[in-house]
Amino acid sequence: MSLQVFLRLAVSLAIVLGSFSSIAAAAPSKRIVTPDAVPVQTAVNQAVPFDPVAPAQPEKGKVVNFTLEAIRAKLEVSPGVVKEVWTFNGQVPAPTLRVNQGDTVHFTLVNRDPDMVHGLDFHAGQMDMGTYHKPIKPGESVSFDWKAEYPGVFYYHCSADPVIMHIANGMFGAVIVDPPGYKPEGKEYVLIQSEWYEHSTNLQALLEESPQAIAFNGVAAQYVDKPLTADPGEKVRFYFVNAGINHFSAFHVIGTIFDQVMLDGNPKNTLYGVQTVAVPPGGAVVSDLYADTGTYAILTHSMKDAMKGGLGILKVGKPTGTASAQTGSQPLTNSSASASTSTNESADSGKAVEGNVVHIANFTFSPDTITVTAGTKVIWINDEGSAHSIVGDTFDSRNEKKDGFIKGESFSYTFAQPGTYKYHCSFHPFMTGTVIVK
Amino acid sequence: MSLQVFLRLAVSLAIVLGSFSSIAAAAPSKRIVTPDAVPVQTAVNQAVPFDPVAPAQPEKGKVVNFTLEAIRAKLEVSPGVVKEVWTFNGQVPAPTLRVNQGDTVHFTLVNRDPDMVHGLDFHAGQMDMGTYHKPIKPGESVSFDWKAEYPGVFYYHCSADPVIMHIANGMFGAVIVDPPGYKPEGKEYVLIQSEWYEHSTNLQALLEESPQAIAFNGVAAQYVDKPLTADPGEKVRFYFVNAGINHFSAFHVIGTIFDQVMLDGNPKNTLYGVQTVAVPPGGAVVSDLYADTGTYAILTHSMKDAMKGGLGILKVGKPTGTASAQTGSQPLTNSSASASTSTNESADSGKAVEGNVVHIANFTFSPDTITVTAGTKVIWINDEGSAHSIVGDTFDSRNEKKDGFIKGESFSYTFAQPGTYKYHCSFHPFMTGTVIVK
Amino acid sequence: MSLQVFLRLAVSLAIVLGSFSSIAAAAPSKRIVTPDAVPVQTAVNQAVPFDPVAPAQPEKGKVVNFTLEAIRAKLEVSPGVVKEVWTFNGQVPAPTLRVNQGDTVHFTLVNRDPDMVHGLDFHAGQMDMGTYHKPIKPGESVSFDWKAEYPGVFYYHCSADPVIMHIANGMFGAVIVDPPGYKPEGKEYVLIQSEWYEHSTNLQALLEESPQAIAFNGVAAQYVDKPLTADPGEKVRFYFVNAGINHFSAFHVIGTIFDQVMLDGNPKNTLYGVQTVAVPPGGAVVSDLYADTGTYAILTHSMKDAMKGGLGILKVGKPTGTASAQTGSQPLTNSSASASTSTNESADSGKAVEGNVVHIANFTFSPDTITVTAGTKVIWINDEGSAHSIVGDTFDSRNEKKDGFIKGESFSYTFAQPGTYKYHCSFHPFMTGTVIVK
């Protein structure tokens, strides 16, 4: 069975989803397509940052206006990886809509993308997809009303085919529907898990590749350097949506237990005392917790996905020694650095010498092989937040090398005799290096 | 670790599951194996279609007789892919059994497969697998009684080892157990998600391959062309079973919200207002919804699996412009076709000319590269339900090519000058092609 | 995007998790790190077996002392595959801790690993990971108190980075927190699902490989040969934890229905009449069942994972003919062996002859191709628990070869004419072999 079979299936769905809505197309009274509504974009700009703070609760009983503009943008989706993404309003995720249960939403979609049709599928609403999800062409706009009848948190995404590709390139967001009587308290964050694929505009690749990064709110691991925050003992609520496209999430916050989890955010679906909740792609939960002062990691406990970026930090209060978690510039154990053993040196001394220096970053010795002459002092400098050690069976003093040194510190060793000296970090045995002494 | 390790493990399970039950074998009073009960099949016929409509509720308090015959059949599991499948009663899925909670089922299995042992594992029943799940040989039959003690919807599948292979080749079905007082209303559909593998009779391949198609009720995407139907506002109930063999399902119906979801179908496990429910392989849910007139897509929101066939259509009432969803022969925007711009042409004019025609099907330009002489008019014909456009930076009029054309329409362009002209579909930028003009 | 991106993300988390805690490091009053507490291990010994029986309920209202020693050990994780694993207390999983809701745990971790830092993350507790999860160095110990505030069953695992690697190499266990008034009855088993990877100390490989074995309690399929047991009608409770690192589990017991399932073990999260429950990595459930005399298979119904070892046996009472399930040495249908047809022979006769013998084990004919001279009697000997047959289109009597023979039996056939004779097992058509007669 070749990929052609899959594509034939995709076409099958396109019978319903794929055809765009043009002026004279099916336009029921409640759905108005306006041609030439806007000029399309002529330049692709940097993406607008997504605000993870849930919007304020709107006044009840009003028609809520909500407008999304389909537009492309450039986003650094993972450290060093800038991607042209497909967005609503120039941001990934798209803006969060918040309404009260029973509210009517007057929605307008404007397609400013120069090349592609786009549409909208609100999981929070109930409507004929054959009519309301129909994509519109570049320059067009469409508007229609829908009613938020169920409380909770809901996914929304572009409805243009192939839907898998429009989601995979960034066109998704969340709708919060407050049940009657709900009063927000404490901190409320929107967190949307998604997957980035290297060849995300190639349909065949999308069906075959593994995601290369997992993101919370569009950027892999962004809340590690810029933690979400709360006050000690304060209620923290996550509106958690799994945008997929494919992976199930195992939503967990290290160091805490969810006091309550509401499946799809509906108070009738409440679980208590939950360590980890499964969230299917296309699904969502509301999770509440209370935490004391400290640092807590938010992640999918499917560890491969966490390692690819499905993780962040929640900082509660001002935890001792964790100020650096905000800046990413200093190790947590900074206060202890001065107490480190005397075999460690300040990095400055090492930096002055070239040709005999090994830098440590990204859990890697760089260079991993270094060649020096007998009698040379080799200096290892730790440039990252994790502590490392230098252990080699052929090194002559076991204790000297095992102690570990942290960011900003260095360790040195003078090689008197020619030979090949292999070593590794004892804390991370997969980190290996070699010194060749001539 | 080689595959031999896995196979050794499989053998371990075979200690319990694998040995077949022959005449003189363990035959407790309640389980009777009859040798030479039937002749085995001598020809492999076309599969019998599966009826997705849930069977009528049986009269309460009777012993329910249920007979399954293991037999092989030929099934077009995905467009153009005919597979010899292993079935019960010549159909995939096997027939749905419906009983009342507390009913006794008098079950008979007849093995008409000429070559293989088969058995049965009812998730709805509780019984010693060491006795009741034992497979029987070709030509034999076995009968025993079991009681349906828990309400809900349950998976059943062949119990012969390797079970993974018997499921992967089609031997699965569903049992509905109605709780006391339940009155069916509206439409009730059985929907079983499963996976088709290319090398499904090779155990090693089954452990290594990804599924090549995902099916609802045995055939990938079958309910796109032949939608399930309901009346506007009517209750629609899905008895949804995930037969696996491996993937978790993210069951969702586009354009609707499940009013209620019962995990494993038990009314005590009811969730409310659910957008997407996770269903593990080997598990099941009952999902109820109410929808207005319209077209709604049923799918697993794990999008890769949806694209491989885990999708279908629910048509409620007679949605405007969606008659074609029933036949698959006409685009939804048929009524708007006559309103398309004048640069589109009828496909007939294109069909008359060969050598300068590019057909569009399966989201592909075919041929993707065409060579013509200067002055030739190249004609693109759209043969599929999705709208497409032809955009090329070196083409001379932007508007002319961007408008899009639908199934049955064509677009033409006369290339006056030699050169290499690259183009793509703006609605699906991964569709690319080249015209070489000499 | 290269792996370096992933590693950079891993480093981001290391900002919080990675730095070890040394003497002078952040040591809040409640957390005491003691240097040189113990000598590190100098030899790697065989692992200590894990006891699947849940520990007895402790007296309420006491401070519970719990000590774990990080140490490496050798474990046969799957038949024939011995791995150096990273453990707590020399066992995989680590010891189960049981406390009453509200109890305070006085925890001590001793790092006897000669090379690596280790720490602890208790899902059952709530504490600043920036302080309490910090790993300690070889030879150090750390102690602190934490309180079990939520009832249920919780995962715990090493907190040293990369956490994915410390889990993947064996450092995980379970905490049971009894709610007030809970009285254990019947059998209570702890079952922890986990994954073994071939290159588990290579971070890149961990992000790319599929697991090569799935284990319940550290060893693939161990409870097939050594079943868990219960008395007929007795309550059987599973404290089921999914340690991951990645796969979701579809927890199911063949032949039974879970009477109750408590998500995360919390009685407020009770489901009823469940066939299969989804358990995310990092999550847990309590599942109760009652079964009559018989043999029942425990597995993840994600069948690929079951085939790789995610399965075991629960033996209730003394099922007829299933004594062998305990020893693995005899087929279940042993009593029927004498009733097999006369074309089967005792294996002894076959064993006396070499060069014309094909052994059957691991669902494989060995050798799969055999060359003999015309007139030779070829003997197939079944060495495993599953029944097999020998079927070949060019063999001369259909019935003679189809009957099947079980462990300890043999089948023979005399090839009179030169030729190439292909055959297979009809019960397992993927088993194929060839006899070349010269």
Side-chain angles (χ1 to χ4, degrees), chain A residues 78-81 198 212-213 220-221 224-225 248 250 252 254-257 271-278 291-297 301-304 307-309 311 313 319-322 324-325 328 331-333 335-336 339 362-364 384-387 391 404 406 426-430, chain C residues 1 4-20 22-26 28 115-117 121 123 126-131 133 137-138 150-152 154-155 160-165 167 201-203 206-207 244-246 248 263-264 266 268-269 278 280-284:
Chain A
S78 189
V81 182
E198 185 166 9
Q212 296 188 288
V224 171
D225 285 341
F248 284 65
H252 174 78
I254 296 178
T256 74
I257 296 173
L271 303 172
Y272 299 88
V274 173
Q275 62 195 305
T276 303
V277 60
D292 288 336
T293 299
T295 305
Y296 304 90
H301 219 298
S302 195
M303 294 302 294
K304 192 187 289 188
M307 289 296 285
K308 289 183 176 179
L311 57 83
I313 298 292
T320 309
T322 59
S324 62
L332 280 179
T333 54
S335 61
S336 70
N362 300 339
F363 286 92
T364 304
E384 73 186 357
S386 184
V391 174
I406 60 176
S426 62
F427 309 140
H428 311 98
F430 55 91
Chain C
M1 199 185 308
Q4 287 307 314
V5 172
F6 303 151
L7 295 182
R8 255 174 266 147
L9 297 174
V11 172
S12 298
L13 190 60
I15 291 171
V16 174
L17 283 176
S19 300
F20 57 79
S22 61
I23 316 169
D115 283 329
M116 266 183 290
V117 298
D121 174 351
H123 282 203
Q126 297 178 94
M127 65 196 84
D128 172 19
M129 65 177 276
T131 300
H133 292 190
K137 290 188 291 185
Y150 289 92
F154 296 91
Y155 184 27
D161 79 278
V163 174
I164 190 174
M165 190 181 287
I167 297 173
T201 58
N202 177 321
L203 187 55
L206 267 187
L207 294 177
I245 48 177
N246 293 311
F248 284 65
L263 301 179
D264 284 274
N266 193 311
K268 291 182 184 173
N269 306 334

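On a predicted model such as this, the values are computed, not experimentally measured, just so you know.
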For this session: Return yes if some donor-acceptor pair links the side-chain N/O of A:Thr295 with the main-chain N/O of C:Gly130 below 3.5 Å, else return no.
Result: no

Problem set entry | Nearest atoms (heavy-atom pairs only) where A:Ala250 meets C:Pro281 | CB-O, 3.4 Å

Problem set entry | Single hit among C:Leu206, C:Leu207, C:Ile245 for side chain to side chain contact (heavy atoms under 4.5 Å, CB included) with A:Lys304 | C:Leu207

Exercise. Does A:Leu271 reach the side chain of C:Lys268, with side-chain heavy atoms less than 4.5 Å apart?
Worked result: no

Problem set entry | Reported CG-to-CE distance for the pair C:Leu203 and A:Met307, which is rounded to 0.5 angstrom | 4.0 Å

Problem set entry | Spacing of NE2 belonging to C:His123 relative to OG1 belonging to A:Thr256, to within rounding of 0.5 Å | 9.5 Å

Problem set entry | Heavy-atom pair with the smallest gap, counting every atom of A:Val277 and C:Pro280 | C-CG, 4.3 Å

For this session: Would you indicate whether A:Asp292, at its atom CG, is surrounded by more than 12 heavy atoms from other residues, nucleotides or ligands within a distance under 6.0 Å?
Result: no

Exercise. How are the rings of C:Tyr155 and A:His301 set to each other: parallel, tilted or perpendicular (split at 30° and 60°)?
Worked result: tilted

Exercise. Can C:Asn269 and A:Val274 be said to form a side chain to side chain contact (heavy atoms under 4.5 Å, CB included), step by step?
Worked result: CA-CA 9 Å; C:Asn269 306 334; A:Val274 173; 4.2 Å; yes

Exercise. Roughly how far, to the nearest 0.5 Å, is the CD1 atom of A:Ile257 from the CG atom of C:Asn266?
Worked result: 9.5 Å

Seminar exercise, completed: Nearest heavy-atom approach of C:Asn246 to A:Ser302 is O-OG, 3.0 Å

Exercise. In terms of heavy-atom proximity below 4.5 Å to chain A, should C:Phe248 be classed as side chain, backbone, both, or neither?
Worked result: side chain

Problem set entry | Check: A:Gln275 main-chain N/O paired with C:Asp264 side-chain donor or acceptor under 3.5 Å | yes

